[in-house]
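Take a look at the structure below.
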Amino acid sequence: MASSSLTATSAFRCLATTFQRPRLLNPLTTHFTLNPKIFNQPRRFISTSITMAAKESADKNPGLHTSVDEATKGYFLQQTMLRVKDPKVSLDFYSRIMGMSLLKRLDFEDLKFTLYFLGYEETSSAPSEATERTAWTFGHKALLELTHNWGTESDPDSKGYHNGNSEPRGFGHIGVTVDDVHKACKRFESLGVEFVKKPDDGKIKDIAFIKDPDGYWIEIFDTTNIAKTTAHAAV
């Protein structure tokens, strides 16, 4: 038994020697020096999502509360109100040029003003009953409320409204996402829309600002370009 075992061991060693990996005849020249300490260090992976979240965390934003009060769980941003001089002109702009639909109109005869609620919602599903449609309208997010005080459209002394972008500054603009900012702006230009800034103007590219009939600013952007344009500020 001992003799057979010895013979088998010798044969295995012979085979192992025969099939050893051949050495390179012309080893590749190394143009850089590898630091063995680097390979001995544990790998560290930086999560982009963690890095992004850190900038929006409470310790980076004094005054921010991250624990939501249960009483506010049903809250959401529903509207932004702009006063307009002439509803005919404003409705034409926001429906024909900006593509919005009129969700609801409310007339307050005793106070002599009208409210128009516009947005990018499908109105075919709106209730036909008037008060139900009001509730349906106020259940949608991010609508534009245009307020018309009766008579301003024909008042020769009416100077319009402050748009917030001249002194004293306050309100700035609303923002609308489009499919392609450059394509959208070419269309706006062909329709005679007034620009504050075109996509290629200024230091911040690929965003634009246009004016509505009352001089309010509207920022125009698409999701792809806005992400690239603001990348340096996001992380």
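Because the structure is a prediction, the values reported are computed rather than measured. For the numbers below, each heavy atom of this structure counts, side chains included, while hydrogens, waters and symmetry mates do not.
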Are a donor atom and an acceptor atom from the side chains of [X] and [Y] found within less than 3.5 Å of each other?
X      : Y      : value
Glu121 : Thr123 : no
Ser57  : Asp59  : yes
Asp206 : His182 : yes

For the pair [X] and [Y], find out whether any cationic side-chain nitrogen is under 4.0 Å from an anionic carboxylate oxygen.
X      : Y      : answer
Arg187 : Glu189 : no
Glu70  : Lys73  : yes
Asp92  : Arg96  : yes
Asp107 : Arg105 : yes

* Asked: Angle class for the Phe108/Phe113 ring planes (parallel below 30°, perpendicular above 60°, tilted otherwise)?
  ->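 Aromatic pair Phe108/Phe113 classed parallel.
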* Asked: Applying the 4.5 Å side-chain criterion to the ILVMFWY set and letting contacts propagate, would Val176 and Leu144 be lumped into a single cluster?
  ->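 Linked within one cluster.
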* Establish whether Ile218 and Val89 are linked, either directly or via other cluster members, by ILVMFWY side-chain heavy-atom contacts under 4.5 Å. =>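 No, separate clusters.
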* **Interatomic spacing from OG in Ser101 to CG in Leu118 - rounded to 0.5 Å** => 8.0 Å
* Asked: Do side-chain atoms of Asp222 reach the backbone of Val178 as a donor and acceptor pair under 3.5 angstrom?
  -> no
* Asked: Taking everything shown except Ile174 itself, do over 12 heavy atoms lie less than 6.0 Å from its CD1?
  -> yes
